[in-house]
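Worksheet: one structure, shown below.
We count residues from 1, following the sequence as given. In listed order, ligands and their atoms are each counted from 1.
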Amino acid sequence: MSPSSTVGSALSVLTTSGETGSRLAFGCDYNPEQWDPAVWAEDIRLMREAGVTIVAINVFGWAQIQPGPDVFDFSGLDAIIGLLHGAGIGINLGTGTASPPPWLSTRHPEILPVDADGIRAWPGGRQAYCPSSPVFRAAAERLATEVATRYGSHPAVQLWHVSNELGCHNAHCYCDVSAGAFRDWLRARYETLDGLNAAWGTAFWSQRYGAWEEVLPPRRTLSAGNPTQALDFARFSSDEVLECYRVEERVLRRLTTVPVTTNFMVTAHIRTQDYWQWAPHMDVIANDHYLDHRLPDPHQELSFAADTTRGLAEGGPWLLMEQATGAVNWQPRNIAKTPGELMRNTFAHVARGADGVCFFQWRASAQGTEKFHSALLPHAGTDSRKWQEVLELSRALGSVRELAGTRVVAEAALIFSWEAWWATDLDSHPSEELRYLEQTHAMYRALWEAGITVDVVKPGADLSGYRLVVVPSLYLVRDAEAKAVTDFVADGGTAVITFFSGIVDEDDRVRLGGYPGAFTTLLGLHVDEFFPLAAGGSVALDDGATGTMWSENIVPGTAEVLVAFEDGPLPGSPAVTRNAFGRGSAWYVGTAVDRPHLSGLLVRAAQEAGVAIPADHADGVESVLRRGPDADYRFYINHTDAARTVGAAGLELLTGAAVDGMELPPGAVRVVKTRREN
Ligand code: GAL
């Protein structure tokens, strides 16, 4: 099966049912090896009761199914697969390579990863391997071959789950094997040492390389290191982890026709993988999402992650491979979900394009580091609030089963780049407070609060289908990527670009002639100096807004000044501008504007662009539209503890009531179906 073009259709294997026509997949990770086989029959019975359609097994199965270098024992896995198949439950089969067993790292300690200080990790946790290790890759390839050969044509196997969250713990390895692989990668990129020296700017600080052997990964240095070396190492590391996936992918495609995927972790947790590069190799785009309670608004971050996942699926349906029913075990404070939150979280993913919702995990572990992680079946068993919530959620997903295959409607796009993220967050920049993801989240939250749904797209994407494009702090941008934004505006679009965008090229080389070099013509201005604020500092703007962290000296050319700084280092000089360009306009924001004002500004730009903002948009209510062949489905998720009134008319699918405007109770979820005349 060829990847990427089949993204939607591969997922339909999971969302098509003989009994109901379409359905949303509902499932979980299942780790039966942690339990006495006497428990398995009860598991299967309860899975059926809960309406589970797919389970991921053998994700951490390596030590069970290959207890020694030349010993394979599939008896346990055979039994589980047989039980699931007998119950009509589909299988998302792990290749089992996520965590090398102790015998492998004991025989081959060289596979253990090394950090930037040269310290080798010990086994005993999980995922302790160097992604470039040929020994590890060969062992994983062998296991994947055994598993694919044995189960590749089993009728219950619907999906391949390669490894697990690749790069979660081990993306960056600095060992000598990695150093060699890094040099090979650099040779392929630059061909000659002259090319590398030019790209890395090694004329600075006497860093010029005279032989390839001198080139190293960015190991610990006394002073700040070379930024382009660090950026290339980030790119290399993403490519190396992707290659671990591809080694197994090739095996699976050779031996079976079952769709292949792995679970991403977009974007709060795994930051090291450029998933734009990964997506074309997946038959199904799958994401794991856990609320991060260290963030100010975890549910808005959830929406951003879901929209980014849909972007990776090129707007098509995707699979939520893991979320938690309640608390996780790995945050400083593991906050439980309040009543109704599980429903809201799940429907936020579905609203934003998920055609299936799965959980980590089926039964809460009794042992191991994750024993206090929530599950579908908690330690308390079925006599629990959690179990009732799970049943209720499953019923709710059943009532919206016709959503499978429908697509989210968005007229605005947000450009997101992992490369720019890595480059922005390097050291020795104007302000250490400028963090790419925070700026992206700030922009996204402002759009969310204004009720504007966005597609998250990669730099250089075709923007012609959008009216509004927002570009938060896109520090690193290639010429062609900047041109895509410029052409979009010239053709009549509206762009909103924020500070510290367009500063460097792909080698982290400053674009000269005034910032933001890649966008000065489009924006009709240049910036001649940055004026970041002191810690905790703020500036007043003359429209009543407050700016934090950043200010800069904007010298307008053709741009009109919309808002000026009122105090701070640059009183009276421009803070927000707008430039008529071609048939469109380009707005520029030169400081971190407070949330309400940023939202207001985006609403103005959206209105100018002709983006439809729902007339019934209500404060704190997440409202998203999915569109099917002959009906629209409007989601309403009330994240507040007050009732809200919304205007949709049609059939509300969760309650089965015909509505013509309705009150949304506090915390409630509703999905209103409206037939469309085509
Ligand atoms: C995921 C992982 C699962 C489990 C879960 C706990 O990152 O894929 O195996 O560890 O986190 O939240």
Completion exercise
Residues at least two apart in sequence or cross-chain that pass side chain to side chain donor-acceptor pair (under 3.5 Å) with H293, listed by chain then number, are none
Exercise for the section: Sequence neighbours left out, what passes ring pair (Phe, Tyr, Trp, His ring centres under 6.0 Å) with H85? Give chain and number order. Expected result: H154
Handout entry: Contact residues of ligand 1 (heavy atom under 4.0 Å), by chain and number
Key = F60, R126, N164, E165, M265, D288, Y290, E322, W330, F360, E370, H373
Exercise for the section: Identify whether the distance between the nearest side-chain nitrogen and carboxylate oxygen of R294 and E301 falls below 4.0 Å. Expected result: no
Problem - Lys/Arg N to Asp/Glu carboxylate O, R235 vs D274, below 4.0 Å - result: no
Exercise for the section: Tell me yes or no: between the side chains of W160 and T256, is some donor less than 3.5 Å from an acceptor? Expected result: yes
Completion exercise
Across all chains, not counting sequence neighbours, the side chain to side chain donor-acceptor pair (under 3.5 Å) partners of Y245 are none
